[in-house]
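The block underneath contains the structure these notes are about, expressed in structure tokens.
Predicted, not measured: the structure shown is a model, and the values here were computed from it.
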Amino acid sequence: MHVLILGGTTEARVLAGLLHPGARVTSSLAGRVAAPRLPAGEVRIGGFGGPDGLAAWVREHAVDAVIDATHPFAERISFNAARAAASAHVPLLALRRPGWVAGEGDDWRSVASLEEAAGVLDGLGDRVFLTTGRMGLAAFADCPQWFLVRSVDAPDAPMPARTEVLLDRGPFTLDGERELLARHRIDVVVTKDSGGAATAPKLTAAREAGLPVVVVRRPPVPEGVATAAAPEEAAAWVATR
């Protein structure tokens, strides 16, 4: 059996390890990170050329099942995968870690986009911890606030005029996030609802410090696509194909 994993996430790497070597596994990475952590099995890097290109690749390489284990905000590849799987007549599963849920003491502001997040910053604070990754900084380019931008690789312009870049890769610790917020005198946090434990400590640190958090809601999984919340669940789905 040949399983194509559209990956790049921790869950995708775990799933590849669960399936390989019992099945042939090819993990496809977008190539946006300079030094990605490679999963078990075969790896390809780069795009497919849209849904038609992905469908052609699936047919050419005799793929039996596709698992979309991309980042919850990789909306385009998710919809391309849905169209490609339907065209190639192969089953598709979306592996999505559960989103974060606000708890007692959290001061969260839910928004639909990065642009909306930029629009609500006025009045919330002047020193922003921006943890939405290096893509999409243009949405904040005209904001007057000072930004601490954390990402794995250096971001490209356009970005806010007053920006300090912190290159780092999770998982992050609660003590580390507490120290970071205090050292940079952060008074508002902006994040995407990526879910998972690797970057969640910043939310606890923000709650402890009484800071507002602007949370960008994740896009929906394409209609009709089955979902799994954990790699083990996805592996069980593969076993039934």
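- For the atom pair CG (L4) and CD1 (I67), the distance works out to 9.0 Å, reported to the nearest 0.5 Å.
- Of all heavy-atom pairs spanning P160 and F140, the tightest one is CG-O, 3.3 Å.
- Side-chain atoms of R44 come within 3.5 Å of backbone N or O of G46 as a donor-acceptor pair.
- The side-chain heavy atoms of W237 and L95, taken from C-beta on, include no pair separated by under 4.5 Å.
- Hydrophobic clustering (ILVMFWY, side-chain heavy atoms < 4.5 Å, transitive): V66 and F79 are in distinct clusters.
- For the atom pair CZ of R218 and NZ of K192, the computed distance is 11.5 Å after rounding to the nearest 0.5 Å.
- For the residue pair A234 and A228, the shortest heavy atom distance occurs at N-CB, 4.0 Å.
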Report the C-alpha distance between R217 and S113 in whole Å, list the side-chain angles of each, state the deciding distance to 0.1 Å, and finish with yes or no for side chain to side chain donor-acceptor pair (under 3.5 Å). CA-CA 7 Å; R217 297 188 295 272; S113 66; over 6 Å; no

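- A 6.0 Å sphere centred on CZ of R24 holds more than 12 heavy atoms belonging to other residues, nucleotides or ligands.
- Side chains of E208 and L181 form no contact here, defined as non-hydrogen atoms less than 4.5 Å apart.
- The side-chain heavy atoms of R59 and S87, taken from C-beta on, include a pair separated by under 4.5 Å.
- No cation-pi contact links R169 to F172, judged by a cut-off of 6.0 Å to the six-membered ring centre and 45° from its axis.
- H20 contributes atom NE2, which lies 12.5 Å from atom CG of L15 (distance to the nearest 0.5 angstrom).
- In this structure, L180 and L166 have side chains that are in contact, with non-hydrogen atoms separated by less than 4.5 Å.
- The hydrophobic clustering, which links ILVMFWY residues whose side-chain heavy atoms are closer than 4.5 Å, places V90 and L54 together.
- Between W57 and H61, the ring planes are parallel. Angles under 30° get that label, and only those over 60° would be called perpendicular.
- Expressed to the nearest 0.5 Å, how far CG of N80 lies from OG of S78 amounts to 9.0 Å.
- Note on R150 versus E177: salt bridge recorded, some NZ/NE/NH1/NH2 to OD/OE distance being below 4.0 Å.
- Between D175 and R178 the shortest heavy-atom distance is OD1-NH1, 2.8 Å.
- Following chains of ILVMFWY side-chain contacts shorter than 4.5 Å, one can reach V128 starting from V120, so the two form part of one hydrophobic cluster.
- Contact of the R207 side chain with the E104 side chain is not registered, since no non-hydrogen atoms from C-beta on lie closer than 4.5 Å.
- In terms of hydrophobic clustering, with Ile, Leu, Val, Met, Phe, Trp and Tyr side chains grouped at heavy-atom distances under 4.5 Å, V189 and F73 are assigned to different clusters.
- In this structure, the side chain of D193 engages the main chain of W100 through a donor-acceptor pair within 3.5 Å.
- Side-chain contact between I5 and P39: absent, with no pair of heavy atoms (C-beta onward) separated by less than 4.5 Å.
- Listed here is the closest heavy atom pair of R241 and A65: CG-CB, 4.3 Å.
- Proximity of L19 to V238: side-chain heavy atoms (C-beta onward) are separated by under 4.5 Å at one or more points.
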Would V214 and T191 satisfy side chain to side chain contact (heavy atoms under 4.5 Å, CB included), going step by step from the backbone distance to the final call? CA-CA 6 Å; V214 180; T191 186; over 6 Å; no

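- Scanning both residues, A82 and L92, for their nearest heavy atoms gives CA-CD2, 3.5 Å.
- Using the six-membered ring where Trp is involved, H184 and W146 have ring planes that are parallel, under 30° apart on the 30 and 60° scheme.
- The shortest heavy-atom contact between P231 and E11 is CG-O, 3.7 Å.
- Contact annotation: the side chain of L121 approaches that of F147 to within less than 4.5 Å [non-hydrogen atoms, C-beta and beyond].
- A side-chain contact (heavy atoms from CB on, under 4.5 Å) with V188 is found for one member of D107, L124, L130 and no other, namely L124.
- Formation of a donor-acceptor pair under 3.5 Å by the D64 side chain with backbone atoms of H2 is found in this model.
- In this structure, T9 contributes its side chain and A69 its backbone to a donor-acceptor pair below 3.5 Å.
- Using a 4.0 Å cut-off between charged side-chain N and carboxylate O, R96 and D68 make a salt bridge.
- Under the 4.5 Å side-chain heavy-atom criterion for grouping Ile, Leu, Val, Met, Phe, Trp and Tyr, V149 is connected to V190 within one hydrophobic cluster.
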